[in-house]
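Dropping a structure here in structure tokens format, bear with me for questions.
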Amino acid sequence: MASETTDDGRYDFRALEARWLPVWMDTQPFRSGDPKDKRPTKYVLDMFPYPSGDLHMGHAEAYALGDVLARYWIQRGFNVLHPIGWDSFGLPAENAAIKRGVDPRAWTEDNIAQQRESMERYACSWDWDRVLATHRPEYYRWNQWIFTRLFEKGLAYRKPSMVNWCPSCQTVLANEQVVGGLCERCDTPVVKKKLTQWYFRVTDYADRLLDDLGTLEGKWPDKVLAMQRNWIGRSHGADVLFAIEGREEPITVYTTRPDTLFGATFMVVAADSDLAAELAEGADAATRKAFAEYVEGVKATSEIDRLSTEREKTGVFLQRYAINPVNGERLPIWASDYVLSDYGHGAIMAVPAHDQRDLDFALAMELPVRVVLDCRDEDGRPLPDPTVSRVATTGDGVLVNSGPIDGLAKADAIARITEILEKDGKGKTAKNYRLRDWLISRQRYWGTPIPIIHCEECGEVPVPDDQLPVVLPSSEGLDLKPKGTSPLGAADEWLATTCPECNRPARRDTDTMDTFVDSSWYFLRYLSPAKEDAPFDGVEARRWAPVDQYVGGVTHAILHLLYARFFTKVLFDLGMVGFEEPFTRLLNQGMVLMDGSAMSKSRGNLVRLSDQLDTYGVDAVRLTMVFAGPPEDDIDWADVSPAGSVKFLARGLRLAREVASEPNGSSAAGDAGLRAVTHRTVHDVTQLIEGFRFNVAVARVMELVNATRKAIDTGPGPSDPAVREASEAVAILLSLFAPYVAEEMWEALGHSCVARAGWPTVDEALLVQDTVTCVVQVQGKVRDRLEVPPGIGEEELRALALAAPGVVRSVGDGTVRKVIVRPPTLVNIVL
RNA sequence: GCCCCCGUAGCCCAACCGGUAGAGGCAGCCGACUUAAAAUCGGUCAAGUGCAGGUUCGAUCCCUGCCGGGGGCACCA
């Protein structure tokens with residue numbers, strides 16, 4: 001005990017950690033699973049980590065922030081569910097296995113054990129009864145179970161398609177995992193490959209995923225809402241049917257600008273589409289050859305090159321013609337790679353005058369340009385002809401050269417022309433989405449096996465529920481090296497099975513699921529992690545879910561959050577949950593940087609969390625994370641001071657040790673000034689925490705510590721009851737940020753278990769101030785200050801202000817024209 | 001190219017509904033303690049809010065334009 005404060009006034013955080021951690025591990029003050037617990041519930045969730053090794057600074061920040069909220073709600077009397085676990089399927093385990101020959105399962109379990117130790121030391125209020133790890137069969141069997149439900153509903157399906165392929169990871173990637181044409185994991189340029197893969201039909205939920213974002217307004221960061229909206233990318237327009245010469249079926253084209261239909265001068269189909277190939281068959285030999293060569297070139301183009309906006313437009317004329325449904329004109333049909341095969345219908349009507357891409361193509365191929373919109377600049381002057389300016393006029397305007405819609409403005413013209421098309425059966429309003437279906441199959445080992453059996457007779461047959469889980473076979477004897485096909489294909493014994501329907505020999509599906517499947521519903525598994533007959537318990541779900549507060553990095557703003565929202569809606573439709581949005585409130589923390597950039601070993605600016613913890617202690621590191629600035633801002637570790645945090649914590653601890661009054665007494669007779677500060681601080685900190693303004697809350701606690709220090713040293717002294725009241729408040733407030741020091745303080749103050757102490761009660765009467773400072777301005781400049789009662793009347797204050805010496809001086813013999821009185825804080829005199 | 005966010009002391013950051021520009025911390029400086037230094041404790045200095053306009057009795061806050069930084073989307077018809 002005596003050794004816990006060193007001679008120089010710092011404190012011995014090692015001793016505190018060694019002392020309290022075993023106590024907490026023993027008493028488990030954060031158990032949430034008692035069904036008889038009558039406290040209201042709150043679900044606070046931290047994004048679970050991948051067990052890649054030890055914790056890093058980013059984890060430390062996120063968990064410190066989440067813990068502030070969890071501990072706050074506990075102090076407020078809630079039964080808080082605050083679980084943690086591991087997102088433990090994924091490539092690093094597999095890569096370690098390939099590189100060092102270790103078993104992915106053993107590697108993963110070792111890392112989990114190591115991380116768990118660090119997490120325990122970090123002392124977050126996690127309920128250790130609920131831990132889960134997604135690589136364990138008792139978890140991933142429910143991935144398979146949910147997959148089966150999706151399959152039954154037609155929401156999981158297999159189709160051949162051009163997919164994103166990472167040549168380095170040797171696996172397909174979801175759209176969301178391709179960033180700027182590069183693999184988000186290894187930055188290798190992604191190439192296109194035609195493969196048959198499993199998909200989840202997220203696009204069926206596009207409207208709900210988009211529209212329900214409205215219910216999260218004000219509860220999720222605007223930035224994340226914007227990113228999700230952007231990603232789903234819904235647009236409104238029309239599908240228009242174009243008859244094709246020499247082809248039975250018309251071609252449907254999607255456009256957001258049906259009003260410009262009279263300006264269409266050609267049609268373009270996606271070069272890599274089946275449609276283009278079919279149309280090309282009717283062309284002469286030279287064209288067929290040119291087309292074939294063009295398509296080859298397109299396929300060889302990397303995604304990164306394809307996305308370059310600097311690229312010249314290229315294409316091949318297919319010697320075929322479409323008929324414009326509104327005026328019967330013949331439009332030449334071209335194939336080009338600037339039209340995407342998997343958006344809309346893979347074909348467009350080109351209106352070069354009013355679409356920049358079409359204009360670029362028209363100019364490159366010397367195709368006609370026809371203006372059908374009279375567009376004006378701000379001064380009402382006509383905009384230059386697009387052919388000359390090489391700039392398409394894409395804005396609003398009045399229709400010209402457009403028959404029945406001449407003279408109409410854009411919006412009216414769209415409505416009118418759509419009506420006309422609809423009447424003739426040649427078109428209708430339509431929506432489109434940037435969002436694509438979620439490609440979930442991976443040709444890798446360390447993931448959830450897809451629970452499908454391929455039978456020659458019966459086709460794709462889901463593994464019956466009572467045969468789940470399909471357990472991942474041991475990696476022993478399997479070649480895990482990426483080679484483009486799943487390693488599971490070589491697990492002969494595992495592979496061979498019988499068809500559940502016809503009992504004939506059949507083969508298992510050899511792909512594994514994207515690990516984002518695992519994290520799409522884990523928050524539900526925490527509710528009943530040991531449940532053996534369902535993914536989660538319905539009663540527990542009604543009790544706890546949805547998550548009240550989710551905390552994690554903005555890096556998951558699109559992928560994980562979109563998928564989890566999708567899963568939740570599917571589970572809602574299955575009647576398994578009663579809510580459609582999984583995370584009621586979301587807090588995104590910023591990144592921890594060093595010297596202005598993200599930490600990395602290669603950059604040589606890596607700050608090791610364990611070093612920081614060894615040097616400054618857990619509490620100081622946590623406090624530093626929280627105090628550094630607003631939670632969503634990045635923290636530059638070079639700008640902050642864990643040493644300063646140590647100093648502050650030592651000051652707090654010293655207060656508690658100096659308190660000389662007995663516990664549980666009344667503080668009513670205590671020093672009024674200090675009491676006012678204490679109650680004001682608790683009141684303000686309460687609001688600050690609820691508003692995620694933790695940095696300011698910490699500053700307020702620092703003020704309280706300073707005020708208490710003064711009271712002890714130069715005020716009423718250590719035996720005044722107000723000093724005890726203030727110190728106890730400091731201990732409880734600090735318990736959100738610095739659990740070890742708070743616990744030590746609490747004990748010094750004669751109590752035990754600060755985490756469950758309860759939030760201090762604010763005496764409203766003590767918040768009322770006797771006097772406030774009123775500023776008196778003349779012409780907007782401060783000329784005097786008055787001490788006035790807060791309830792002062794307007795007339796009285798006006799009189800006082802006009803008589804104030806500073807006012808009299810600066811008004812001089814000027815005439816007072818107007819007096820603005822805002823009792824009790826301000827008077828402004830206008831001359 | 002389009003959309004969003006942010007510019008406040010040397011630094012990280014506060015400032016309620018438009019009403020005293022400063023709460024807290026870091027660094028600096030001064031002092032105390034020390035043989036000395038570190039550490040600690042006490043005190044103290046510090047910007048007129050990126051720039052230019054506008055609205056207002058009054059603007060860090062609202063509006064317009066520009067400059068600087070960050071982020072998202074980007075051949076999605």
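Chain letters run A, B, ... following the sequence lines, proteins first, then strands; residues in each count from 1. It should be emphasised that the depicted structure is a prediction, and the values quoted were computed from it without experimental measurement.
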Practice item. Apply side chain to side chain contact (heavy atoms under 4.5 Å, CB included) to the pair A:Phe692 and A:Glu632, showing each step before the final yes or no. Key: CA-CA 9 Å; A:Phe692 300 153; A:Glu632 61 276 10; 5.6 Å; no
Review point. Between B:rG19 and A:Arg785, is there an OP1 or OP2 to side-chain N/O distance shorter than 4.0 Å?
Key: no
Point to revise | Rounded interatomic separation in angstrom, taking CG from A:Asp342 and P from B:rA77 | key: 13 Å
Exercise for review: Write down the distance separating the P atoms in B:rG28 and B:rG10, rounded off to the nearest Å.
Suggested key: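 These two P atoms come out 15 Å apart once rounded.
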Check your understanding: Rounded to the nearest Å, what distance is computed from the CG atom of residue A:Asp639 to the P atom of nucleotide B:rC11?
Key -> 10 Å
**Study point:** Strand partner of B:rC51, provided both Watson-Crick or wobble distances fall under 3.5 Å
**Key:** B:rG65
Practice item. In whole angstrom, give me the gap between the P atoms of B:rA32 and B:rA23. Key: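 Rounded to whole Å, the distance is 28 Å.
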Check your understanding: Between B:rC57, B:rC26, B:rC73, which nucleotide has the shortest distance from any of its atoms to the side chain of A:Ile820?
Key ->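 Looking only at heavy atoms from C-beta outward on A:Ile820, the closest nucleotide is B:rC57.
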Check your understanding: Taking the C1' atom of each, how far is B:rG54 from B:rC13, in whole Å?
Key -> 30 Å
Check your understanding: Nearest of B:rG72, B:rC75, B:rC73 to any side-chain atom of A:Tyr338?
Key -> B:rC75
Review point. How do A:Val782 and A:Val698 order along RNA chain B: which one's closest nucleotide is nearer the 5' end?
Key: A:Val782
**Study point:** Interatomic distance at P, B:rC26 relative to B:rG19, whole Å
**Key:** 30 Å
Review point. Within the structure, does a side-chain N or O atom of A:Asn706 lie under 4.0 Å from either OP1 or OP2 of B:rG25?
Key: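 The answer is yes; a side-chain N or O of A:Asn706 sits under 4.0 Å from OP1 or OP2.
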Review point. Does A:Lys781 have a side-chain nitrogen or oxygen under 4.0 Å from the phosphate oxygens OP1 or OP2 of B:rG19?
Key: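 For B:rG19, OP1/OP2 do not have a side-chain N/O of A:Lys781 under 4.0 Å.
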Practice item. For A:Phe627 and A:Val701, run side chain to side chain contact (heavy atoms under 4.5 Å, CB included): C-alpha distance rounded to whole Å, both residues' side-chain angles, the deciding distance at 0.1 Å, then the answer. Key: CA-CA 11 Å; A:Phe627 182 56; A:Val701 180; over 6 Å; no
Point to revise | Rounded C1' spacing from B:rU60 to B:rC16 in Å | key: 14 Å
Check your understanding: B:rA77 phosphate, OP1 or OP2: any side-chain N/O from A:Asn432 under 4.0 angstrom?
Key -> no
Review point. Nearest to the side chain of A:Arg654 - B:rA77, B:rC41, B:rG72?
Key: B:rC41
Check your understanding: Which nucleotide sits closest to the side chain of A:Ile348: B:rA15, B:rC73, B:rA77?
Key -> B:rA77
**Study point:** Pair A:Thr773-A:Glu787, side-chain donor/acceptor within less than 3.5 Å
**Key:**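 Yes - a donor-acceptor pair under 3.5 Å links their side chains.
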Check your understanding: Rounded to the Å, how far apart are A:Asp633 CG and B:rG25 P?
Key ->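 Whole-Å distance recorded here is 20 Å.
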Exercise for review: Considering only atom C1', compute the distance from B:rA46 to B:rU8 and round it to an integer number of Å.
Suggested key: 13 Å
Exercise for review: Provide, to the nearest angstrom, the distance between the CG atom belonging to A:Asp634 and the P atom belonging to B:rG71.
Suggested key: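 Atom-to-atom, A:Asp634 to B:rG71, this comes out as 9 Å.
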**Study point:** Listed nucleotide nearest any side-chain atom of A:Tyr343, set B:rG72, B:rG42, B:rA77
**Key:** B:rA77
**Study point:** Below 4.0 Å: OP1/OP2 of B:rC26 and any side-chain N or O of A:Lys647
**Key:** yes
Review point. What is the base-pairing partner of B:rG42, counting Watson-Crick and G-U wobble geometry with both distances under 3.5 Å?
Key: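 In the structure as shown, B:rG42 has B:rC30 as its Watson-Crick or wobble partner.
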Point to revise | Pi-cation contact, A:Phe361 with A:Lys313 (under 6.0 Å, within 45°) | key: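 No cation-pi geometry.
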Check your understanding: To the nearest Å, how far apart are A:Leu225 CG and B:rC73 C1'?
Key -> 16 Å
Point to revise | Partner of A:Arg257 by side chain to side chain donor-acceptor pair (under 3.5 Å), out of A:Asp259, A:Thr255, A:Thr260 | key: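 Answer to the side chain to side chain donor-acceptor pair (under 3.5 Å) test with A:Arg257 among A:Asp259, A:Thr255, A:Thr260: A:Asp259.
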Exercise for review: Select base, sugar-phosphate, or nothing to describe what A:Val775 touches, counting heavy atoms under 4.0 Å on all strands.
Suggested key: base
Point to revise | Inter-nucleotide P distance (B:rC61, B:rG53), Å rounded | key: 14 Å
Check your understanding: Who is the Watson-Crick or G-U wobble partner of B:rG1, with both distances under 3.5 Å?
Key ->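 Matched B:rG1 with B:rC73 under the 3.5 Å cut-off.
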Review point. Roughly how many Å is it from CG in A:Leu734 to P in B:rG24, rounded to a whole number?
Key: 16 Å
Check your understanding: Do A:Thr394 and A:His354 have side-chain N/O donor and acceptor atoms under 3.5 Å apart?
Key ->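 On atom types as modelled, these side chains do not qualify, holding no pair under 3.5 Å.
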Point to revise | Along RNA chain B (nearest heavy atom to each residue), the more 5'-positioned of A:Glu703 and A:Lys818 | key: A:Glu703
Check your understanding: Can you check B:rG48 for me, syn or anti if syn means within 90° of 0?
Key -> syn
Exercise for review: Decide, for B:rC61, between syn and anti: a glycosidic angle within 90° of 0 counts as syn, anything else as anti.
Suggested key: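 Chi for B:rC61 falls in the anti range.
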Practice item. Could you work out which one of B:rA23, B:rC73, B:rG42 sits closest to the side chain of A:Arg709? Key: B:rG42
Check your understanding: Given the C1' atoms of B:rA21 and B:rA39, what is the spacing between them in whole Å?
Key ->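 My reading of the C1' atoms in B:rA21 and B:rA39 gives 35 Å.
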Review point. Which one, B:rG24, B:rA14, B:rC73, comes nearest to the side chain of A:Arg693?
Key: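 Out of B:rG24, B:rA14, B:rC73, the nucleotide with an atom closest to A:Arg693's side chain is B:rA14.
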Check your understanding: Does a side-chain N-to-carboxylate-O contact under 4.0 Å join A:Asp207 and A:Lys431?
Key -> yes
Check your understanding: Do A:Asn828 and B:rC57 have a side chain to base donor-acceptor pair shorter than 3.5 Å?
Key -> yes
Check your understanding: When all nucleic acid strands are considered with a 4.0 Å heavy-atom cut-off, which category describes A:Gln777: base, sugar-phosphate, or nothing?
Key -> base
Exercise for review: Could you tell me whether A:Arg709 and A:Glu658 have a side-chain N and a carboxylate O separated by less than 4.0 Å?
Suggested key: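 Judged by the 4.0 Å cut-off on N to carboxylate O distance, A:Arg709 and A:Glu658 do form a salt bridge.
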Check your understanding: When all nucleic acid strands are considered with a 4.0 Å heavy-atom cut-off, which category describes A:Ser235: base, sugar-phosphate, or nothing?
Key ->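 It contacts sugar-phosphate atoms only.
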Check your understanding: Between A:Arg700 (CZ) and B:rA23 (P), how many Å, whole number?
Key ->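 Nearest whole value for this atom pair: 11 Å.
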Practice item. Looking at every strand, decide which applies to A:Ala628 at a 4.0 Å heavy-atom threshold: base, sugar-phosphate, or nothing. Key: sugar-phosphate
Check your understanding: If you look at every strand shown and take non-hydrogen atoms under 4.0 Å, does A:Phe627 touch a base, only sugar-phosphate, or nothing?
Key -> base
Exercise for review: Taking only Lys NZ, Arg NE, NH1 and NH2, and the carboxylate oxygens of Asp or Glu, determine whether A:Asp684 and A:Arg700 approach each other closer than 4.0 Å.
Suggested key: yes
**Study point:** Sugar-phosphate only, base, or nothing, as touched by A:Val339 at under 4.0 Å among non-hydrogen atoms
**Key:**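 Result for A:Val339 = base.
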Point to revise | Whole-Å distance separating the CZ atom of A:Arg783 from the P atom of B:rG58 | key: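 Going from A:Arg783 (CZ) to B:rG58 (P), I get 15 Å.
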